[in-house]
Amino acid sequence: APFAIGRTLVCMRAPLHVALEAAREAAVRTHLLERVRAEASARHPDLDALQEVVGLALEVGLEGDADVQAALGTLRTLRERNEVAASLGEALERGALAASDAPRVEELVARAQRLGGDA
């Protein structure tokens, strides 16, 4: 037999181990790509969840995949939206709508409009 089952261990010959490892790796990659697609295509993608799954995909060598590249673009956009929203929020909290701050606020509003979404 190509394997032996003990009470706490399964021993197998190298060819079977290689085949099993290849199947496991393929399943992991497939699952990660499905998660990347689902997180990136969500109506309101969650930055933390997308960052986590993209990080895992990069760890297993999926950086060349088109869906992973698209998700990286989505991550950049989400980060920039958060940065713009935080900057606008800070300006409003400080009451920094004085004439001297108008160019900065106009720049942030223009960025928010360019990015779309809820920024």
Side-chain angles (χ1 to χ4, degrees):
F3 62 90
I5 300 175
R7 287 184 3 176
T8 60
L9 187 65
V10 174
C11 298
M12 61 188 77
R13 295 180 192 252
L16 182 59
H17 180 263
V18 169
L20 186 60
E21 186 61 24
R24 185 199 65 78
E25 185 71 23
V28 166
R29 287 171 172 257
T30 299
H31 177 71
L32 281 174
L33 286 175
E34 288 172 1
R35 283 189 58 202
V36 165
R37 287 184 202 109
E39 291 293 340
S41 66
R43 180 153 169 79
H44 297 288
D46 179 89
L47 178 65
D48 294 331
L50 185 57
Q51 196 165 314
E52 176 188 357
V53 74
V54 167
L56 291 171
L58 294 175
E59 278 183 35
V60 298
L62 292 172
E63 59 274 342
D65 185 84
D67 291 322
V68 173
Q69 288 299 312
L72 285 168
T74 300
L75 270 176
R76 283 189 289 278
T77 300
L78 289 172
R79 286 182 187 129
E80 189 172 358
R81 279 184 189 170
N82 287 351
E83 178 186 315
V84 168
S87 296
L88 282 171
E90 289 171 13
L92 290 172
E93 282 179 14
R94 289 191 323 260
L97 299 178
S100 62
D101 292 325
R104 174 72 177 142
V105 171
E106 287 175 12
E107 174 203 342
L108 290 170
V109 169
R111 281 176 64 193
Q113 289 172 337
R114 187 178 69 251
L115 291 167
D118 300 329

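Starting from 1, each residue takes its place in the sequence as its number.
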[atom1]/[X] to [atom2]/[Y] distance, rounded to the nearest 0.5 angstrom?
X     : Y     : atom1 : atom2 : answer
Leu56 : Arg29 : CG    : CZ    : 13.0 Å
Ser41 : Leu50 : OG    : CG    : 10.0 Å
Leu32 : Asp67 : CG    : CG    : 12.0 Å
Glu39 : Asp48 : CD    : CG    : 10.5 Å
Asp46 : Glu52 : CG    : CD    : 9.5 Å
Leu33 : Asp65 : CG    : CG    : 4.5 Å

Check: Gly64 main-chain N/O paired with Gln69 side-chain donor or acceptor under 3.5 Å
no
Does the pair Arg24/Glu21 count as a salt bridge with the N-to-O cut at 4.0 Å?
yes
I'd like to know if Arg76 pairs up with Glu80 as an ion pair, taking the criterion as any Lys NZ or Arg NE/NH1/NH2 lying under 4.0 Å from an Asp or Glu carboxylate oxygen.
no
Ignoring hydrogens, what is the shortest heavy-atom contact between His17 and Met12? Give both atom names and the distance.
CA-SD, 3.6 Å
Restricting to non-hydrogen atoms, name the atom on Ala71 and the atom on Val36 that form the minimum distance, rounded to 0.1 Å.
CB-CG1, 3.6 Å
Transitively linked via ILVMFWY side-chain contacts under 4.5 Å: [X] with [Y]?
X     : Y     : result
Val84 : Leu78 : no
Leu58 : Val28 : yes
Leu75 : Val60 : yes
Leu16 : Ile5  : yes

Stepwise side-chain contact (heavy atoms from CB on, under 4.5 Å) check, Arg81 with Leu47
CA-CA 11 Å; Arg81 279 184 189 170; Leu47 178 65; over 6 Å; no
